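Written out below as structure tokens is the structure these notes cover.
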Amino acid sequence: MAVQPSQKTNYLLGIATFIGLFALNIGAWFLFFNPKGIMRLYTPMYGFSMVVILLAMVITVNDLFDGWPLRRKSGEKLSSLQGLLLTAITLLLTWAVMFGLFHNLIGRFGITYFSPSAIVATGETGTEIFNARENSSTALIYLFATYIWIAVGWKTSFRGWPWKGDSLGTVGFSRLMTVSFFSVIAYAVLFHPHVGYLFSPPQKLVAVAPWWESLAETGSAYYHLGWVVCTAAILIMSESLWESYPWRILSSEEGSLFGGLFTFFGSVVAGFVMMFVMKKGMDLYWGAPFLGGQYLDAPYFRYLHAAEMAGFLILATYVVSIYLGNLFNGANLMVRILVRTVAVAVLATLLMWFYYAAGPLFLGTVQGIAQPEDTPLCWSFFMISFILIHRYFFNTVPIREKA
Amino acid sequence: MDRREFLKVTGMGGAALAAGGISIGLPKQSYAAKKEDIGEIKSLKVTVISETSWFNNDIFKKDIMAGGGTMANQYDIAWDKNNAGGYAALLEIEQLDGSKKKLLMDTGWSNPWMDYVFKMHGIDKMLKNKEIDTMVLTHWHLDHFWGIESTLKHNPNITIYAPNTHYPEDMKLLKGGKFEKAGCSNSVPHKGKLVECDASKVVKLMPGVALKMFDVPIILRVRGENVLYFNVKGKGIVTVTGCCHPGVLSLYSFARNNFAKGDDVYGSYGGLHMTLFETWDPKFDDVIKGLKAFKPEKLGCNHCTGWLFAEKAAAAGLPVVKGTDKFRSYKRVSSVAKSNHVFLTNGDTVVF
């Protein structure tokens, strides 16, 4: 949802509110994920999968269902109690989807790799509970990263089309079916081959060998994760900072099939461009990666790191648009876009610095970059979930009330 | 603003951003710098004192899981003492003039186990009579360092080369300390020289032997790993590692970019940190293909390489050095050990 240029912003209140939410997030991270904390779920894939599913559920409740059934009409303001209820529904959905739908239904009665216990039950090489849980979580991360991209892409690209005038519930279920349908296809092509090759022997009869290897110099699906998250970043920046440009050139506020296709596939192209620009920057800074290189030298790390940087861009975009009222709302569109984009780039850099420099202190991570057991995407997605819950379920209290 | 104007200004902005992106992306390191000549040795013999850091993968992983996952502090985890073994190797270097020097690489985890294997290989006597007066600690992981008492009780004055990326707990153990929960202790304080290796320098230990610390983040909150480079006359560069966390191809790449004759990679010994828990990932296929491009002639692998990786590397035609059944004469064997000899296991030797 784009922030309108006419809204007045109390920057101090915005910053104070964000700092409060940030502190709450660090506390929650300590409770659930911090390796020095209480539950220590960031193992890393297990905790990361929870975060990705949480974010996917926030997007489902807001972007697909628009707050239905608690909200009956689009744009209707929610009370604090309703906000709490939507948060509870989101958390319940996260739990039900991860443990009910995937670990215990699809995993146990359909696709083995979605359930840690089903993987262990095969008794194959290396299939003990720790590996099984990490592998199962990797599959869930890929599936729900795809879902997030398709959900954000569908909402931003097609807007109200083709369900204009229908009730929120009808639109919500229709969007859910559509997004799930395309997510399954995209996941099968982009990520399933990697998951099929996480096991020994490789599951050749159910998954083709990673087909992108010659393009990407790696069999890892981090290649796809890179452009998928970059594409999501493009869509979110366009919607939040760029007042829906450049897609607005050919699409309307109501949405249309043609405008939707233009936006959706245009954003994929832009996402690829963003990933390759980021990768080029890394290649210049760290030297060219090479096939079989590890850590900084690994091609797969460069794609993952592009996704990680895009994650910080998404986070910074939400901070600038929601808590700082998009900073600058005067002059012409291009100046506004430029000022906001530069501000987001600076803030994203600061957030990245926070993660790598202060992460060991605040988040319990290990100092250094390219740690195979750590990806900043987990924390940035966790923080984004907090911001979206605050924005959509609690109307960004107290900012909106005072504005 | 109309659409035509928007497109025009966007094009200009894109060009400016692209130019800016190029100007800030300076390489961190210039590979045009002069390459270092580390000299040559005649030969290197490696004896596997112990490569079984633990005996049961499942118990080890269960301990990590219960302790908070792979980024948890290793000193905060309640390890199963009965599962502890250790990693250590004896390196015998023959110089071009025929003189010989012995180095100890790492000192294992469990003191009872390390006492047992040290005695079996006569390391205890070599330490006592100063035949071994230097130890290279590859990194501060429990299975490479926590058995420090087994070394110090024979020679507390031994010179130790170690990564400078240590934590206070590491120093406490080195100087004589105990960690109840983790189950490690050292009652013999180190009194010798501690050479702290930093990532910016290559340390020349002797002609033909260099030590390079790679400051990489590693599981269990550890950082940094020392890697030994040997330049064997007529053969080429040999890397010797504890776990090879930086990645074997990155080590080769470093040699190629920084050492005279670094293009000639002859081989490697040690853990290669691949299928540590016997589980696969497409990135390991990348490594096998990358290794084939470097064309090493001898790969002596064990420990965290994982049997699965060694099997697949051998099947792919890489020159994996065959081990023997000597490990079966040890009082304990790893639960993942196989009879296909793709590992250099306890008691095996390899000569480069």
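None of the values given here were measured: they were computed from a predicted structure. To find a chain, count down the sequence lines: A is the first, B the second, and so on, and within it residues start at 1.
- Going from atom OG of A:Ser200 over to atom CD of B:Glu278 covers 9.0 Å, rounded to the nearest 0.5 Å.
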Legend entry - A:Thr43/B:Met71 under side-chain contact (heavy atoms from CB on, under 4.5 Å): CA gap, chis, key distance, verdict: CA-CA 7 Å; A:Thr43 59; B:Met71 275 202 290; over 6 Å; no
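- Across A:Arg40, A:Glu217, A:Met278, the residue that shares the most heavy-atom pairs under 4.5 angstrom with chain B is A:Arg40.
- Around the NZ atom of A:Lys279, the shell of radius 6.0 Å holds more than 12 heavy atoms that belong to other residues, nucleotides or ligands.
- In this structure, the portion of B:His273 lying under 4.5 Å from any heavy atom of chain A is its backbone and not its side chain.
- Within a 6.0 Å radius of NZ in A:Lys36, more than 12 heavy atoms belonging to other residues, nucleotides or ligands are found.
- Atom CE of residue B:Met65 and atom OH of residue A:Tyr46 lie 9.5 Å apart, to the nearest 0.5 angstrom.
- Contacts between A:Phe130 and chain B at a heavy-atom distance below 4.5 Å involve backbone atoms as well as side-chain atoms.
- Proximity to chain B is limited to the backbone of A:Ile369, based on heavy atoms less than 4.5 angstrom apart.
- In this structure, no portion of A:Pro360 lies under 4.5 Å from any heavy atom of chain B.
- Other residues, nucleotides and ligands contribute over 12 non-hydrogen atoms within 6.0 Å of the NZ atom of B:Lys338.
- Annotation for A:Trp353: atom CH2 does not count as buried by contact number, only 12 or fewer foreign heavy atoms lying within 6.0 Å.
- Using a distance-only test at 3.5 Å, with no hydrogens or angles considered, a donor-acceptor pair links the side chain of A:Gln371 to the main chain of B:Ile218.
- Heavy atoms closer than 4.5 Å to chain B are found in the side chain of A:Phe290, but not in its backbone.
- Contacts of B:Asn73 with chain A are absent, with no heavy-atom separation under 4.5 Å from either backbone or side chain.
- Contact of A:Thr365 with chain B is made through backbone and side chain together, with heavy-atom distances under 4.5 Å.
- Only the side chain of A:Glu213 comes within less than 4.5 Å of a heavy atom of chain B; its backbone N, CA, C and O stay farther away.
- Put simply, CG on A:Leu198 and OG1 on B:Thr279 are 6.5 Å apart, with the number rounded to the nearest 0.5 Å.
- A salt bridge is defined here as a Lys NZ or Arg NE, NH1 or NH2 lying under 4.0 Å from an Asp or Glu carboxylate O, and B:Lys62 with A:Glu128 fails to meet this definition.
- Between chain A and the residues B:Pro246, B:Gly306, B:Pro282, the largest count of heavy-atom pairs under 4.5 Å involves B:Pro282.
- With a 4.5 angstrom heavy-atom cutoff, A:Asn135 touches chain B only via side-chain atoms.
- Among the candidates A:Thr125, A:Thr218, A:Leu41, the residue making the largest number of heavy-atom pairs closer than 4.5 Å to chain B is A:Thr218.
- No side-chain heavy atom of A:Gln294 sits less than 4.5 Å from a side-chain heavy atom of B:Asp286.
- If you take CZ on B:Phe277 and OG1 on A:Thr127, they are separated by 14.5 Å, rounding to the nearest 0.5 Å.
- Of the listed residues B:Val287, B:Thr165, B:Val222, B:Ile288, the one with more heavy-atom pairs under 4.5 angstrom with chain A than any other is B:Val287.
- Heavy atoms closer than 4.5 Å to chain A are found in the side chain of B:Arg223, but not in its backbone.
- Residues A:Gly293 and B:Leu249 come closest through the heavy atom pair N-CD1, 4.1 Å.
- Formation of a donor-acceptor pair under 3.5 Å by the A:Tyr295 side chain with backbone atoms of B:Pro217 is found in this model.
- Going from atom CG of B:Leu220 over to atom CD of A:Glu373 covers 8.5 Å, rounded to the nearest 0.5 Å.
- Counting heavy atoms of neighbouring residues, nucleotides and ligands inside a 6.0 Å radius, atom CZ of B:Phe179 exceeds 12 of them.
- Residue with the most contacts toward chain A among B:Val336, B:Asp285, B:Ile219: B:Ile219 (heavy-atom pairs, distance under 4.5 Å).
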